[in-house]
Amino acid sequence: MTLSPPATLPTTDVDPFSHEVLEDPLPFQAALRDAGPVVHLDRYGVYAMGRHEHVHAALRNWQGWVSGAGVGMSNWRYEEPWRPPSLLLETDPPHHDAPRAVLEPILSPRALRRLRAHWFADAEDLVDALLDGAGESVQLDAMSALAETFPLRVFPDAVGLGREGRENLLPYGNHLFNAFGPDNDLVAQGAGRIAELSAWVNAQCAREALSPDGFGARIWEASDRADITPAQAPLIVRSLLSAGVDTTVHGLGAILYAMATHPEQWQRLRADPTLARIAFDEAVRWESPVQTFFRVADTDTVVGDTLVPEGRKILMFLGSANRDPRRWDDPDTFDLSRDPSGHVGFGMGIHQCVGQHVARLEAEALLAALTRRVERIELAGTPRRHHNNTMRAFGSLPVRLTRA
Ligand code: OVV
């Protein structure tokens with residue numbers, strides 16, 4: 001029996017969830033990668049990995065690194081979850097598989113085809129309205145005016161949500177992603193409203209609350225076929241409302257920031273708009289809107305030459321893996337000529353983001369509208385980071401858009 005970690009295990013007392021690290025996580029992540037395949041975070045008594053090789057392998061090893069005890073810091077072998085666990089994110093096979101099999105075709109590229117023309121037109125309307133009446137150029141906050149507005153315009157309708165209360169989606173997601181981290185000040189900030197926000201979210205998951213033509217109704221129809229039970233349907237709808245809004249907002253924030261700071265890449269995209277998908281994936285690699293998730297070691301597991309004891313949490317730094325120089329040439333460079341595939345910004349393996357095609361379509365629609373109408377996008381002020389225990393995010397992104 002191993003009573004204490006082996007002496008070869010590097011340790012750190014740095015808090016990766018401190019405001020200093022959340023403001024700029026890159027120096028911490030470089031040190032984490034350089035320290036070794038696995039590092040012990042003394043402050044929290046958890047293990048961590050930051051190299052692409054090991055994060056990628058852990059994500060694929062669903063039998064060794066399990067999700068059923070939660071993918072946040074809280075270990076459900078010893079603590080109660082703050083909400084009923086997600087049937088997708090926080091479960092392992094076999095229970096994971098029926099919900100996943102139901103949701104996957106509902107969010108597949110093929111199923112999204114009927115939304116494409118509508119979302120492209122919606123993005124054009126949004127960009128037109130922003131440029132309308134403005135002179136040669138317009139200054140705006142790209143987070144509120146574009147990155148938040150566009151997903152909130154198309155996604156809740158696609159799910160089939162009612163009109164009322166949609167403003168609850170972002171604060172709910174923000175708290176949920178904070179709650180994957182330690183019980184710090186960011187969690188305390190959201191705690192006051194979470195009962196009210198959860199009550200609203202849970203009410204939207206009922207069959208009666210959903211329009212008959214959206215993703216939500218498709219999920220409920222799967223319960224009519226007994227592909228899932230009627231008790232599972234609302235929790236799968238909840239996953240859409242949990243994982244589908246803040247993530248795409250900050251994914252769009254990432255591509256807009258990348259473009260505003262890389263004018264030559266913007267011109268390249270304008271010259272060849274078919275690069276939009278690569279551009280979005282490169283932005284997801286480069287910024288990694290979802291920075292981290294945990295797993296639990298199902299048995300004593302050796303990583304590198306370190307033993308992670310059975311039942312212990314390990315923190316996988318997706319954002320660090322995506323900037324690991326062992327895997328990527330010039331990882332800190334945002335570059336449309338690289339092949340970003342193999343990034344772990346959407347995860348990897350059986351839990352890999354089931355909504356990634358939705359995110360890509362949103363990005364493609366918004367970029368198509370912008371490349372057509374906007375000659376230049378540049379920073380018009382200092383971007384402000386929004387600190388979250390899991391997401392790398394902007395609170396504001398002042399830009400100037402110059403008409404084409
Ligand atoms: C990937 C993700 C993040 C947050 C929530 C969920 C999934 C969920 O399934 O509820």
Side-chain angles (χ1 to χ4, degrees), residues 55 58-59 62 65-74 76 81-93 95-104 106-107 151 155-156 159 161 168-181 186-187 190 194 197-205 215-216 218-219 222 228 231-251 254 284 288-295 315-319 322 343-360 362 388-393:
V55 170
L59 285 165
W62 56 269
W65 297 110
V66 298
S67 296
V71 298
M73 184 175 284
S74 172
W76 300 345
W82 72 273
R83 62 171 200 167
S86 163
L87 301 183
L88 290 146
L89 182 72
E90 295 155 334
T91 56
D92 299 297
H95 299 290
H96 161 270
D97 299 340
R100 174 79 191 204
V102 161
L103 192 52
E104 213 164 79
I106 294 172
L107 304 179
F155 185 72
V159 173
L161 286 194
N168 292 325
L169 289 166
L170 285 172
Y172 179 80
N174 188 55
H175 182 75
L176 167 66
F177 281 97
N178 275 327
F180 291 122
L186 290 168
V187 175
I194 194 56
L197 295 171
S198 296
W200 178 82
V201 164
N202 295 339
Q204 309 318 305
C205 299
F215 301 145
R218 298 281 90 74
I219 292 169
I228 50 171
Q232 289 177 309
L235 277 166
I236 300 170
V237 178
R238 192 192 68 177
S239 283
L240 296 181
L241 305 184
S242 300
V245 188
D246 299 65
T247 50
T248 50
V249 165
H250 294 297
V284 171
S288 300
V290 175
Q291 287 272 299
T292 45
F293 271 126
F294 291 79
R295 293 286 189 266
L315 179 50
M316 305 176 299
F317 281 85
L318 312 178
N322 284 341
H343 78 73
V344 292
F346 286 122
M348 195 53 67
I350 66 165
H351 291 282
Q352 192 183 37
C353 182
V354 72
Q356 60 184 285
H357 308 291
V358 181
R360 290 206 177 94
E362 288 181 32
N388 181 282
N389 284 333
T390 302
M391 287 183 297
R392 186 147 158 81

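FYI, the numbering just counts along the sequence from 1. Remember, it's 1-based here, ligands and their atoms both numbered in the order they're listed.
If you number the atoms of ligand 1 from 1 as listed, the ones under 4.0 Å from a heavy atom of L176 come out as 4 (C), 5 (C). Those atoms of ligand 1 with a heavy atom of F177 less than 4.0 angstrom away are 3 (C), 4 (C). Less than 4.0 angstrom separates some heavy atom of S242 from each of these atoms of ligand 1: 5 (C), 10 (O). The contact set between ligand 1 and S239, taken as ligand atoms under 4.0 Å from a residue heavy atom, comprises 8 (C), 9 (O), 10 (O). Atom numbering of ligand 1 starts at 1 in the shown order; those under 4.0 Å from a heavy atom of S86 are 8 (C), 9 (O), 10 (O).
Of the polar atoms of R83, at least one N or O is found under 3.5 Å from an N or O of ligand 1, judged by distance alone.
Looking only at heavy atoms of the protein, atom 1 (C) of ligand 1 is closest to L89 CD1, 3.7 Å. Atom 2 (C) of ligand 1 has as its closest protein heavy atom A243 CB, 3.4 Å.
Here the closest non-hydrogen pair linking H351 and L89 is CE1-O, 3.8 Å. When every heavy atom of E104 is checked against every heavy atom of V354, the shortest pair comes out as CA-CG2, 3.8 Å.
Using modelled atom types and a 3.5 Å distance limit, the side chains of T292 and R392 yield no donor-acceptor pair.
Ring planes of F180 and F177: perpendicular class, angle over 60° (limits at 30 and 60°). Using bins of under 30°, 30° to 60° and over 60° for the plane-to-plane angle, the ring pair W82/Y172 lands in the tilted bin.
Distance alone, capped at 3.5 Å, places no donor-acceptor pair between the D92 side chain and the V66 backbone.
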